[in-house]
Each structure stands twice: as C-alpha cells, then as structure tokens.
Amino acid sequence: MDDIDRRILGHLLRSARASYQEIGSGVGLSAPAVKRRVDRMVSSGQITGFTALVNPAALGWTTEAYVEVYYRDNITPAELRRSLEPIPQVVGVWTIAGEADALVHVMATDMAEIESTVERIRENTRVGRTRSSLVMSRILERPRT
C-alpha cells in the first residue's frame, strides 16, 4: 500500500459513498485509476467491506457497556467468535492482554437488556466471571484513517 492508496482509504473512511471521480480529484488520479486501486485493495483483503454507519439511538440502542470476560481456561479467537457472534447486542469483541481474556462491546435498549445480554454471555460454561463498565456518554469517535 502506497501513499495514494492511503489517501484513497482516507476518502472512503470519510465517505464510502464518494464517487471514484470525487476521490480521484482529491488524490490526483482519474476515476478509472481510483477504481482499479480500490478493486485491488478489495481483492487483496486490505478493504474488507463497505458499510453504513448508523446512529445507535436510531436502532433504539441508548445504553452500552464494555464487558470484560474471564474464561476458566484458554479460549481461541474462533471459539470467542462462535459463542458471541449469535448475540445481536454484541457489536464488538477483542482479545486483550491482561487479566481478562476478551473485551466485549454491548449495545442495548436499556439496562435490563444489558443485564440479559451479560447473562447470555455467562451461559457459556467456560466463562468464569465478567466485569462490566457502562458508557455514560460518547465523547470522541474517529474513523480509522
């Protein structure tokens, strides 16, 4: 990936709906040249998809928490995905260094739904315990440029 690819990605992160012509004007390339570079980044896996960012409140998700999950023994990332992906309120999962094995981002309509989601996470017999931190307000979120 060169500097022009990075600049193209910056445009896509700001607006995935930007036309190749708009992006090309910003990076000094023709629309077909931008399309070739985007297609190459998609086929190589550097770009993994295009998506709409939705305000969580529009989905009724006004409450969110980060849940540290501690397993009784080792768990693979594939097992984490298998056990947590079916829970719709789980919007992000990361393996982390430290005492906890995973950090799980949960978004829900209210505290009762947060609680039931955490209980659902704990249904996995390998989960030893969890520790939750509730988000009081979102202050800063940046696109990953």
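- The shortest side-chain heavy-atom distance between F50 and R17 does not fall under the 4.5 Å cut-off.
- Within the structure, salt bridge (Lys or Arg N to Asp or Glu O under 4.0 Å) contacts touching residues 55-69 (residues at least two apart or in different chains) are E64-R138, E68-R131.
- Looking at R36, K35, R37 one by one, the single match for side chain to side chain donor-acceptor pair (under 3.5 Å) with D39 turns out to be K35.
- Separation of atoms CD (Q89) and CD1 (I114) is listed at 8.5 Å; rounding is to 0.5 Å.
- Distance OG/S83 to CG/L80: 5.5 Å, rounded to 0.5 Å.
- Counting non-hydrogen atoms of neighbouring residues, nucleotides and ligands closer than 6.0 angstrom, the CZ atom of R81 reaches no more than 12 such neighbours.
- Around the CG atom of D3, the shell of radius 6.0 Å holds more than 12 heavy atoms that belong to other residues, nucleotides or ligands.
- Counting only residues at least two apart or in different chains, side-chain hydrogen bond (donor to acceptor under 3.5 Å, both in side chains) contacts with residues 20-34 comprise S19-E22.
- A distance of 12.0 Å separates CE in M107 from OG1 in T117, rounded to the nearest 0.5 Å.
- Listed for the S116 side chain is a donor-acceptor partner under 3.5 Å among the backbone atoms of E113.
- The line from CD1 of I47 to CD1 of I8 is 8.0 Å long, rounded to the nearest 0.5 Å.
- Taking CD of Q46 as the reference point, atom CG of L9 lies at 7.5 Å (rounded to 0.5 Å).
- When all heavy atoms are compared, the tightest approach of D101 to Y71 is OD2-N, 2.7 Å.
- Heavy-atom minimum distance, D2 versus D5: OD1-N, 2.8 Å.
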For the pair T130 and R122, evaluate side-chain contact (heavy atoms from CB on, under 4.5 Å) and give the outcome as yes or no after the intermediate values. CA-CA 8 Å; T130 61; R122 289 179 183 156; 2.8 Å; yes
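- Atom CD of E123 is separated from atom CD1 of I87 by 7.5 Å, given to the nearest 0.5 angstrom.
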